[in-house]
Amino acid sequence: MSRSVLIIDDELSIRQSLGGALRDEGYRVQMAASGAEGLEALRADRPDAVMLDIWMPGQDGLETLKQLKAEWPDLPVVMMSGHGTIETAVRAVKLGAFDFVEKPLSLERVLVLLQNSISAQELSRENQALRRQVHKHKLLVGQSPPMKHIQSLIRRVAPTTGSVLITGENGTGKELVAHSIHALSPRFNKPFIEVNCAAIPEELIESELFGHERGAFTGATQLRRGKFDLANGGTLFLDEIGDMSLKTQAKILRILQEQKFERVGGSQTISVEVRVVAATNKDLKAEIARGNFREDLFYRLNVIPFVVPPLRDRKEDIPVLAQHFMKEFSAAHGKPERPFTPEGCSVLDAYPWPGNVRELRNLIERVVILTPENEQGQPVTAADLLDHLKDEAPAPEIEAPALASGRSLRDARQEFEKDFILRTLKEQDWNVSRTASILGVERSHLHRKIKSFGIETSEARD
Ligand SMILES: Nc1ncnc2c1ncn2[C@@H]1O[C@H](COP(=O)(O)OP(=O)(O)OP(=O)(O)O)[C@@H](O)[C@H]1O
Ligand SMILES: [Mg+2]
């Protein structure tokens, strides 16, 4: 497809010679004899690039450039500077022109600049589209009342700069909420920078957040920009904020108040404009009471609170999420999607999900990967799910709540399985065959389970 260019120059001879040369090179060319005429032409038909003369009577090139950039910030503009206007050309580049060429024009240089400016613009457009795509993949699934509330809150809060604090148990989707806030904000094409406050050793966290000057400490051989620097204009996601030391909390508080800071070992004050989104699975009010978290920082961060409820408190989301993950992993592993039997759905519904959405996601991935050849595309039964739930390797982060209540995750799952079998048996009036077929297991297998769980079998019958 041929490229188009608009030439804005008051000199007829330049318009004609440059226009002719560019046409010969395959460009579609429009011409305008003044800034005003040029802007009008742009409104009628947006070209791929503009060649703009600096010195024109009336509205000059710089003024035209300003108006043009105000309306079409992404449109690449190459300035044409006459003798004695180089300084102005440099100013034009600062105002957003791509570059400039001096008159008399070298066609070769004009062609290179046009080509480069158009490619740069296309790259940046692609980049933006990709960023949108990346974030789109990360949208929150779920239509339960609490999720609907969270989604509407995200839409209302995203366009603002207010600090956000997201709380919720492990694996509930706090990080996803943070991503969504960024993706739906006007900052979507600026950086989203993540800091895991729990993972960074205390003595390194300052350098990580604020950066350090060369020679600030042993091993600091180069200037390093910190996360606040890198997030400038975008969003900084402070994850696991409850695990930050009091000293670092004080520094963060100052940045939030003043939007400026110094690098470690530096004296220069750096100003940044950053939207802060923080997350934690701790109860910060309790941490404040224990003296582990600064109350003033809490109120700074908690301008807009998000509370993501555990999965067991929004059971409507379970089947939708299960389907969603089934689709995702089937596609990723090139396998046919499997529906869930009604009993399979009951297992998902009754299970307490101590690891929340992450645990559900892992379970479905395991089901997809471990589907035997002869069951491809077949419905997922209660037995399949109970089987795979048993295999769940207790991730360290979900061990804590289980241990807190004095049980291991394994025990919790066993207990669940026992409950579930017991309930189905009761529903089926203690008919083992029927229960086995509903659960999708062999009758003998169910008998063994009943025995191993010590379920009172006097009532059970075949
Ligand atoms: N509503 C949702 N829709 C789709 N995927 C979700 C949803 N909630 C969570 N997930 C997925 O579950 C996993 C865990 O979510 P996420 O990492 O956001 O949780 P978290 O609350 O930050 O957990 P942690 O406290 O352990 O850091 C991720 O893979 C995420 O994509
Ligand atoms: Mg997280």
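All values reported here derive from a predicted model rather than from experimental measurement.
Considering only heavy atoms from C-beta on, Val5 stays 4.5 Å or farther from Arg28 through its side chain. When side chains are defined from C-beta on, Trp430 counts as touching Ile455, because their heavy atoms get closer than 4.5 Å. Side-chain atoms of Lys260 and Ile270, non-hydrogen and from C-beta on, never get closer than 4.5 Å to each other. In this structure the side chain of Phe325 never reaches within 4.5 angstrom of the side chain of Val141, judged on heavy atoms. Ile181 has its side chain within reach of Arg275: a pair of non-hydrogen atoms, C-beta onward, lies under 4.5 Å apart. Here the side chains of Pro47 and Gln30 are in contact, with some heavy-atom distance below 4.5 Å. With a 4.5 Å cut-off on side-chain heavy atoms, Leu284 and Asn302 do not count as touching. No side-chain heavy atom of Asp419 sits under 4.5 Å from any side-chain heavy atom of Arg423.
Atom NZ of Lys315 sits in a crowded spot, with more than 12 heavy atoms from other residues, nucleotides or ligands closer than 6.0 Å. The number of heavy atoms from other shown groups lying within 6.0 Å of CZ (Arg214) does not exceed 12. Few gaps surround NZ on Lys335; more than 12 heavy atoms of other groups in view lie less than 6.0 Å from it. Around atom CD of Glu442, no more than 12 heavy atoms belonging to other residues, nucleotides or ligands sit under 6.0 Å away.
The backbone N or O of Val274 lies less than 3.5 Å from a partner atom in the side chain of Gln259, making a donor-acceptor pair. Side chain of Trp353 to main chain of Leu348: a donor-acceptor pair is present (N/O by atom type, distance under 3.5 Å, no hydrogens or angles). One N or O on the side chain of Asn196 and one on the backbone of Ala198 form a donor-acceptor pair closer than 3.5 Å. In terms of modelled atom types and a separation under 3.5 Å, the side chain of Ser207 and the main chain of His212 share no donor-acceptor contact. The main-chain N or O of Ser4 is found under 3.5 Å from a side-chain atom of Asp48 such that the two form a donor-acceptor pair. Put simply, the side chain of Gln323 never gets that close to the backbone of Ile318: no donor and acceptor are under 3.5 Å apart.
A salt bridge links Arg290 with Glu287: the distance from a Lys NZ or Arg NE/NH1/NH2 to an Asp or Glu carboxylate oxygen falls below 4.0 Å.
Sorted by first and then second residue, the salt bridge (charged side-chain N to carboxylate O under 4.0 Å, His left out) pairs with a member in residues 371-381 read Arg338-Glu375; sequence neighbours excluded. Sequence neighbours left out, the pairs with a member in residues 241-299 that pass ring pair (Phe, Tyr, Trp, His ring centres under 6.0 Å) are Phe210-Phe261.
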When you look at Lys69 and Val77, which way does the side chain to side chain contact (heavy atoms under 4.5 Å, CB included) test go after all the steps?
CA-CA 9 Å; Lys69 281 283 157 184; Val77 179; 4.2 Å; yes

Val157 vs Val164, test: side chain to side chain contact (heavy atoms under 4.5 Å, CB included). Steps then yes/no.
CA-CA 9 Å; Val157 159; Val164 171; 3.9 Å; yes

Between Asp243 and Lys282, is the salt bridge (Lys or Arg N to Asp or Glu O under 4.0 Å) condition met? List the steps.
CA-CA 9 Å; Asp243 296 275; Lys282 292 203 170 156; 3.1 Å; yes

Criterion side chain to side chain contact (heavy atoms under 4.5 Å, CB included) on Ile421 and Leu446, from CA distance to verdict:
CA-CA 9 Å; Ile421 290 175; Leu446 181 58; 3.8 Å; yes

List the steps, then state whether salt bridge (Lys or Arg N to Asp or Glu O under 4.0 Å) holds for Arg294 with Asp296.
CA-CA 6 Å; Arg294 291 182 68 115; Asp296 44 8; 2.8 Å; yes

Run Asp74 and Arg125 through side chain to side chain contact (heavy atoms under 4.5 Å, CB included) and show every step you take.
CA-CA 9 Å; Asp74 299 331; Arg125 211 182 295 164; over 6 Å; no

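Residues satisfying the side-chain contact (heavy atoms from CB on, under 4.5 Å) criterion with Pro336, sequence neighbours excluded, are Gln376. Residues satisfying the salt bridge (Lys or Arg N to Asp or Glu O under 4.0 Å) test with Glu343, not counting sequence neighbours, are none. In this view, Ser117 satisfies the side chain to side chain donor-acceptor pair (under 3.5 Å) rule with no residue, not counting sequence neighbours. Among residues two or more places apart in sequence or in another chain, the salt bridge (Lys or Arg N to Asp or Glu O under 4.0 Å) test is passed with Glu122 by Arg3. In this structure, Gln378 has no side chain to side chain donor-acceptor pair (under 3.5 Å) partners at least two apart in sequence or on a different chain. Evaluation of the side-chain contact (heavy atoms from CB on, under 4.5 Å) rule for Glu208 yields Ile200, Arg224, Lys227 as partners, not counting sequence neighbours. Residues satisfying the ring pair (Phe, Tyr, Trp, His ring centres under 6.0 Å) test with Phe420, not counting sequence neighbours, are Phe416. For Lys94, the salt bridge (Lys or Arg N to Asp or Glu O under 4.0 Å) test picks out no residue, with sequence neighbours left out.
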Side-chain donor-acceptor distances from residues 143-151 under 3.5 Å, at least two apart:
unit_1 : atom_1 : unit_2 : atom_2 : d
Ser144 : OG     : Met147 : N      : 3.4
Ser144 : OG     : Asp317 : OD1    : 3.2
Ser144 : OG     : Asp317 : OD2    : 2.7
Gln151 : NE2    : Leu140 : O      : 3.2
Gln151 : NE2    : Gly142 : O      : 3.4

Cut-off 3.5 Å, no hydrogens considered: what does the side-chain donor-acceptor table look like for residues 229-239, sequence neighbours left out?
unit_1 : atom_1 : unit_2 : atom_2 : d
Asp229 : OD2    : Arg263 : NE     : 3.4
Asp229 : OD2    : Arg263 : NH2    : 3.0
Asn232 : OD1    : Glu273 : N      : 2.9
Thr235 : OG1    : His182 : ND1    : 2.6

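Residues Gln428 and Thr435 have side chains that never bring a donor and an acceptor to within less than 3.5 angstrom of each other. Donor-acceptor pairing under 3.5 Å is recorded for the side chains of Asp384 and Thr381. Using a 3.5 Å distance cut-off with no hydrogens or angles, the side chains of Arg358 and Thr172 do not pair a donor with an acceptor. At a cut-off of 3.5 Å, with distance as the only test, a side-chain donor of Asn356 or Glu169 sits close to an acceptor on the other residue.
Taking CG from Leu209 and SG from Cys197, the interatomic distance works out to 6.5 Å, rounded to the nearest 0.5 Å. For the atom pair CG (Leu311) and CG (Leu321), the distance works out to 6.5 Å, reported to the nearest 0.5 Å. The line from OG of Ser180 to CG of Leu153 is 12.0 Å long, rounded to the nearest 0.5 Å. Taken to the nearest 0.5 Å, the CG atom of Leu123 stands 10.5 Å off from the CG atom of Asn116. Atom CD of Glu427 sits about 10.5 Å away from atom CG of Leu422, to the nearest 0.5 Å. Expressed to the nearest 0.5 Å, how far CG of Leu389 lies from CD of Glu359 amounts to 6.5 Å.
Paired with Lys251 under the rule salt bridge (charged side-chain N to carboxylate O under 4.0 Å, His left out), one option of Glu258, Glu206, Glu262 passes, and it is Glu206.
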